Amino acid sequence: MSAANKAYSDNVLLGAGEIYIDIDGKGERYLGDTPGATLAFEATDLDVFASDGPDTSKRLTRVRTQVSRRLTATLRDMSMDNIALFVHGDLSNVAQATNQVTKFTQVHAGRSYQFAIGAADSVSVHKIKENGSVTSDSANNDSEANYVVNTELGRIYIPAGSNLVKDSATHGIAVKFKQLARQQITSHTKAIEGAARYVETPVHGEGRNLYIPQANIGASGEWELKSRDQEQQFQLAIESLGTITIDGVDQ
């Protein structure tokens, strides 16, 4: 072992830390527990070779034309704020509303239907309270023998033998309900930009804090909705639009 080796102290780092973003200028929001995070660097170079002489393999210069720095974070906090980032959408609060009506032009036995605000094919709703009867084109059918409402999921089921479908005609129905206040995400195509920060609290070693003052934030990969092997997770890609800074420890 050399003298230099003996004198040198490696910073063996077992990383852990928290990730924050600020996309509205109101301060940094904690993304919740993140089981993984990586920083990737990619560069594009242009090689310029000599062309006037017989040896065209001589390289005159190399010009770096593009640099990409990307922080990819794995999230397991399925908050509406985080989901809005992944699906590229706006999060809004929808106020409680009474006397809402969903209309279905036809219903069939053994089928389920989703309540909605406005037409049946518009935005679906859940966590409702019945605020009136379920009626068909021909008669009042306010009975569980004719329909079953799931207020938690905002769905109605039409059982076999229901008066709504027991004759040869196919009846439409109108459902009146009270929509409880909720949050809603509406996707869009606008860029989501902001700042990001990684605050390291390592298990071992001296940590490094990373700051990206301006970044494009969006989804990376897939969101596995259903699995018996692990909890839901998805990844966010935080692409630097300029410089990044990495802070060390004062010596």
Side-chain angles (χ1 to χ4, degrees), residues 13-43 66-94 114-117 121-127 150 152-155 180-203 207-246:
L13 186 59
L14 184 58
E18 301 171 351
I19 298 177
Y20 296 81
I21 63 167
D22 181 2
I23 61 173
D24 55 13
K26 297 180 179 179
E28 297 176 351
R29 181 177 70 83
Y30 175 49
L31 291 180
D33 191 60
T34 47
T38 61
L39 180 64
F41 173 85
E42 296 177 1
Q66 184 175 339
V67 174
S68 173
R69 301 177 181 92
R70 181 177 64 257
L71 173 66
T72 302
T74 302
L75 279 63
R76 61 160 53 110
D77 177 17
M78 298 295 106
S79 68
M80 290 291 278
D81 286 299
N82 287 345
I83 293 172
L85 291 174
F86 184 82
V87 302
H88 217 83
D90 288 326
L91 177 62
S92 61
N93 294 314
V94 180
Q114 184 74 45
F115 291 174
I117 299 296
D121 59 352
S122 67
V123 60
S124 61
V125 298
H126 62 286
K127 292 188 182 300
N150 186 320
E152 180 70 19
L153 300 179
R155 294 174 67 80
L180 303 183
R182 71 196 191 282
Q183 290 185 308
Q184 185 177 90
I185 298 170
T186 304
S187 63
H188 60 73
T189 57
K190 298 176 293 183
I192 300 177
E193 295 184 1
R197 188 185 304 275
Y198 172 57
V199 181
E200 194 158 57
T201 52
V203 178
R208 305 289 184 246
N209 296 330
L210 168 70
Y211 182 59
I212 306 176
Q214 188 177 11
N216 192 353
I217 303 171
S220 174
E222 299 178 343
W223 173 14
E224 188 173 19
L225 298 177
K226 185 176 179 180
S227 172
R228 294 297 178 93
D229 298 324
Q230 68 174 27
E231 77 282 3
Q232 287 191 7
Q233 297 182 1
F234 54 64
Q235 290 185 324
L236 291 181
I238 302 170
E239 189 88 28
S240 173
L241 298 177
T243 61
I244 68 172
T245 58
I246 299 175

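Computed from a prediction, not measured in an experiment: that's the story for all the values here.
- Side-chain atoms of Ser68 and Glu239 form a donor-acceptor pair, as typed in the model, at a separation below 3.5 Å.
- Residues Pro35 and Arg76 form a side-chain contact, since some pair of their non-hydrogen atoms from C-beta on lies under 4.5 Å apart.
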Output side-chain donor-acceptor pairs under 3.5 Å for residues 219-228, partner residues at least two apart or in another chain, one line each.
| residue | atom | partner | partner atom | Å |
| --- | --- | --- | --- | --- |
| Trp223 | NE1 | Gln232 | OE1 | 3.0 |
| Ser227 | OG | Asp229 | N | 3.0 |

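- The two residues Arg69 and Gly242 make their nearest non-hydrogen contact at NH1-O, 3.8 Å.
- Residue Ile83 forms a side-chain contact (heavy atoms from CB on, under 4.5 Å) with just one option from Leu75, Ile185, Asp77, Leu91, and that option is Ile185.
- For Tyr20, the side chain to side chain donor-acceptor pair (under 3.5 Å) criterion is met by Glu18, not counting sequence neighbours.
- Closest approach of Ala73 and Ile19 over heavy atoms only: CB-CD1, 3.5 Å.
- Between the side chain of Asn82 and the main chain of Leu31, a donor-acceptor pair closer than 3.5 Å is present.
- Heavy atoms only, all atoms of each residue included: Lys190 and His188 are closest at N-ND1, 3.0 Å.
- Taking every heavy atom of both residues into account, Gly17 and Thr34 meet most closely at O-OG1, 4.0 Å.
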Working note: Leu39 + Ile244, criterion side chain to side chain contact (heavy atoms under 4.5 Å, CB included); need CA distance, chi angles, decisive distance, verdict. CA-CA 11 Å; Leu39 180 64; Ile244 68 172; 4.3 Å; yes
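- Scanning both residues, Ser187 and Val87, for their nearest heavy atoms gives CB-O, 4.0 Å.
- Between Asp24 and Arg29 there is no salt bridge, since no side-chain N of the basic residue sits under 4.0 Å from a carboxylate O of the acidic one.
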Could you please spell out the steps behind the side chain to side chain contact (heavy atoms under 4.5 Å, CB included) verdict for Glu193 and Leu241? CA-CA 9 Å; Glu193 295 184 1; Leu241 298 177; 3.7 Å; yes
Apply the test side chain to side chain contact (heavy atoms under 4.5 Å, CB included) to residues Ile212 and Arg197: give CA-CA distance (whole Å), side-chain angles for both, the deciding distance (0.1 Å), then the verdict. CA-CA 6 Å; Ile212 306 176; Arg197 188 185 304 275; over 6 Å; no
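- Rounded to the nearest 0.5 angstrom, Ser240 OG and Gln214 CD are separated by 8.0 Å.
- Using a 4.0 Å cut-off between a side-chain N of Lys or Arg and a carboxylate O of Asp or Glu, Glu200 and Arg208 do not qualify as a salt bridge.
- Side-chain contact check for Phe234 versus Met78: some heavy-atom pair is nearer than 4.5 Å.
- A heavy-atom distance below 4.5 Å is not found between the side chains of Thr72 and Leu236.
- Nearest approach of Leu13 to Pro202, heavy atoms of both residues: CD1-CB, 3.5 Å.
- Gln235 and Thr74 form a side-chain donor-acceptor contact under 3.5 Å, judged by distance and modelled atom types alone.
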